[in-house]
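Residue numbers start from 1 in every chain, and the chains themselves are labelled A, B, ... in the order their sequence lines are given, proteins ahead of strands. Computed over heavy atoms, backbone and side chain alike; hydrogens, waters and symmetry mates excluded.
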2 protein chains.
Amino acid sequence: MARAPRQADIAAAAGVSQTTVSLILSGNTDGVRLSESTRQRVLKAAEKLGYVPDPVATRLASSRNHMLGVYTFASAFPTDVDGFYYPILVGIEEEAAALGQDLVLFTGTGGLEAPADDKLAIRRTRIADGCLFFGRQVPEEPIDWLLGGGFPLVYIGRRDELGGRIPFVGVDYVAASAAVVDRLVELGHREIRYLRSEDDAPSSSDREEGVLAAAEKAELDARRIVVRAEDAEVAALIERWRGEGVTAVVVEETDTGSLSAALLDAVAAAGLRPPDDLSLAVLGQPKDHPEVSGFEVPRRELGRRAVRLLVDQITASGPRIAEHVLLDCIPVAGSTIGPA
Amino acid sequence: MARAPRQADIAAAAGVSQTTVSLILSGNTDGVRLSESTRQRVLKAAEKLGYVPDPVATRLASSRNHMLGVYTFASAFPTDVDGFYYPILVGIEEEAAALGQDLVLFTGTGGLEAPADDKLAIRRTRIADGCLFFGRQVPEEPIDWLLGGGFPLVYIGRRDELGGRIPFVGVDYVAASAAVVDRLVELGHREIRYLRSEDDAPSSSDREEGVLAAAEKAELDARRIVVRAEDAEVAALIERWRGEGVTAVVVEETDTGSLSAALLDAVAAAGLRPPDDLSLAVLGQPKDHPEVSGFEVPRRELGRRAVRLLVDQITASGPRIAEHVLLDCIPVAGSTIGPA
DNA sequence: CTGAAAGCGCTTACAG
DNA sequence: CTGAAAGCGCTTACAG
């Protein structure tokens, strides 16, 4: 394969030094003045040779290469939760394109390798100007290392680890969840149940926090509200709750959506028709069920904002401070909530 | 934070040269022998300093960077045809991860910029070791330029441009489509219609070719079989075909899936229930309609094979030849085809 | 067995 | 106005 042309090749072709080529191509006209004729000659030679700067060399020598990393702790294109992550990726791509940034997907550990390899894979993200991270857990050591080195990074989703030093763009699940319960209370519901998964992701505890805050405000018996369950237990719960006089059920929407799907199935199987027999709300947007009341997570915007925050960090001149952004959810009125 | 430690720091600490450190840390024991004591001293110093190799420098110094480009001519994450491309991306990511390659998504022109910019964006793909291309059209000039420079690239989808010099992994739509018509003929159907889009993508003409080949073999009147139509015209066609005694309809599945969706809707609206009132087949897999007869496009495998072909090209020692791979589709029996 | 040196392709002071 | 030189942190011949 013919070598890719370098600045030195352009320099030879244009009869100038490699330094001059670098100056002209990088548009680094800071305190420098170059004759227009030289400039044109260089530009023409570069065009003719089809010059493309080597991003790796650029990054070694300077600091930017206009590549943003995207690191997911599982798969960037998960098959079981595609409906969840896809809009975020769409947002990331949109904003990156708008800002002239390419994306580097680090495929590091597809879950196949030992978690020990995570460390190296995460450190490799340094080849980009900065990196977006997705995922429930935070591998503290490598992230701390990146942060300590001043490497720009942004998590997608709220992260409190490492003393709050991790910049993130998250979703205000607390407020959105509280609003859903508020609405039920306003409609006269007193016997409410909140069904959540066993998993302890921040997005789960945030939702619970919002639910409990609203319950407390309404002076409901908070101890009875929260119920942790597996998908398989849902049908039995529905039965029990009917006996307890429950009039409204709220369920967490997780990335797989399996818990809310299980609930919707169980409700239908029990012959209950919301909102008449039971009010139903999902803390999120269940797939293929736009009629269900709840809220919409601004996933696309999440991706866009994360990219913007990252680029801000990269271009920031002063010392960076950890930035934390929480986006509001969009309330979904739906048709599954009614008077108690 | 103090500077990240470099090999030179370790060298100083261990009292050896930086070269020796590099040799020991990279495990590059090829023709070299190092005393175990030196080795231990260096390893210990590296550990103590918390050394992590700089991936950027590593990649500059070695020739490959283990990054594969992914270039899409529109958006890598299209919102209207997500169901179509997503599995391909999944396959690409899987195989890339398995082969230890990172992915660079070129966001070049999201359709916003003039096609002239395509040229530069496409050339930028050279920062990777090789690149995968998606898309209906081939911008000949930049692709030719890449090919001429010996840059490894693979198209996803059959491409005949540039004198067949473009390596690709495609799908054997001809054979799969013919097989569907064969099946209908075996079941006694003689009045068959093939509904296709106006668009002239290779995947469309391949399907038509397969349909016509099967029709010819069965000595059907080929002139009446193929019908090009827009989504909006489908309902009227159904009506007409009933008058013509049509017993089976085959429809093309495009990336948006809108034509097959229009047909399924029109058939249902006309009160026709396949396979009793009409046999129905889709040349592909319509979204959310697993019961429809036809075939499944091996999209995930398409992504995987494309990655493998690309990596083969990259690692090939001798002169590369354009490789063309066609994958078989998986027949879907379905329940919408019956006897005439 | 180990080191001095060149080089990967750029940027960035520093000289003219 | 432009060039020679050093340097980013590593790898890889090439000498001892």
Side-chain angles (χ1 to χ4, degrees), chain A residues 1-12 14-43 45-46 49-67 120 123-124 126-127 129 149-151, chain B residues 2-43 45-46 49-67 124 126-129:
Chain A
M1 161 177 179
R3 298 186 87 296
R6 301 163 276 174
Q7 290 185 347
D9 299 324
I10 300 176
V16 297
S17 76
Q18 180 257 322
T19 302
T20 302
V21 173
S22 171
L23 253 23
I24 291 176
L25 294 182
S26 68
N28 227 335
T29 352
D30 279 5
V32 200
R33 283 153 309 197
L34 300 175
S35 73
E36 189 54 27
S37 70
T38 305
R39 179 188 183 69
Q40 289 306 329
R41 218 169 349 122
V42 168
L43 254 25
L49 293 174
Y51 173 76
V52 181
D54 181 324
V56 177
T58 304
R59 176 133 179 91
L60 217 215
S62 67
S63 43
R64 297 200 52 186
N65 59 15
H66 301 281
M67 297 199 286
L120 289 181
R123 291 180 169 180
R124 241 177 38 231
R126 282 188 27 176
I127 69 163
D129 291 337
F151 183 73
Chain B
R3 295 186 86 298
R6 302 163 277 176
Q7 291 186 345
D9 299 326
I10 299 175
V16 296
S17 75
Q18 180 258 320
T19 302
T20 303
V21 173
S22 171
L23 254 22
I24 292 176
L25 294 183
S26 66
N28 227 334
T29 351
D30 281 3
V32 199
R33 282 151 309 194
L34 300 176
S35 74
E36 191 53 29
S37 71
T38 305
R39 180 189 183 68
Q40 289 307 327
R41 224 174 339 128
V42 167
L43 254 24
L49 293 175
Y51 173 77
V52 181
D54 181 326
V56 177
T58 304
R59 288 179 175 185
L60 216 215
S62 50
S63 57
R64 290 190 52 190
N65 63 17
H66 302 281
M67 297 198 286
R124 246 182 31 237
R126 287 191 38 162
I127 71 171
D129 291 336

For nucleotides 6-9 of chain C, print each protein N/O atom paired with a nucleotide N/O atom at under 3.5 Å, atom names and distance only.
residue: C:dC8; atom: O2; partner: B:L60; partner atom: O; Å: 3.4
residue: C:dC8; atom: O2; partner: B:A61; partner atom: N; Å: 3.3
residue: C:dG9; atom: OP1; partner: A:R3; partner atom: NH2; Å: 2.5
residue: C:dG9; atom: OP2; partner: A:R3; partner atom: NH2; Å: 3.0
residue: C:dG9; atom: OP2; partner: A:R6; partner atom: NH1; Å: 3.1

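- Across all non-hydrogen atoms, the minimal contact from B:A13 to B:A45 is CB-CB, 4.2 Å.
- Nucleotide C:dT2 holds its P atom 13 Å from the CD atom of B:Q40, rounded to whole Å.
- Annotation: side chain of B:Y51 is in contact with side chain of B:L25 (closest heavy-atom distance under 4.5 Å).
- To the nearest 0.5 Å, atom CG of residue B:L60 and atom CG of residue A:L60 are 5.0 Å apart.
- Taken together, the paired segments of DNA chain C that extend over three or more consecutive Watson-Crick or G-U pairs, each closer than 3.5 Å at both contacts, are C:1-3 with D:14-16, C:5-12 with D:5-12, C:14-16 with D:1-3.
- Contact detail for B:H66 and B:D129: the closest heavy-atom pair is N-OD2, 2.7 Å.
- Rounded to a whole angstrom, the distance from the P atom of C:dT12 to that of D:dC1 is 22 Å.
- Distance check: A:Q7 CD to A:L23 CG gives 9.5 Å after rounding to the nearest 0.5 Å.
- For A:T38, counting side-chain heavy atoms from C-beta on, the closest listed nucleotide (D:dT2, C:dT2, D:dG3) is D:dT2.
- Comparing B:R41 and A:A8 along DNA chain C, the residue whose closest nucleotide (by nearest heavy atom) sits nearer the 5' end is B:R41.
- Between A:Q40 atom CD and A:I24 atom CD1 the span is 9.0 Å, to the nearest 0.5 Å.
- Between B:T20 and C:dT2, a side-chain N or O to OP1/OP2 separation shorter than 4.0 Å is absent.
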Nucleotide N/O of nucleotides 13-15 of chain C paired with protein N/O under 3.5 Å:
none

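- When every heavy atom of A:A57 is checked against every heavy atom of A:D54, the shortest pair comes out as N-OD1, 3.1 Å.
- A close approach under 4.0 Å does not occur between any side-chain nitrogen or oxygen of A:S17 and OP1 or OP2 of D:dA4.
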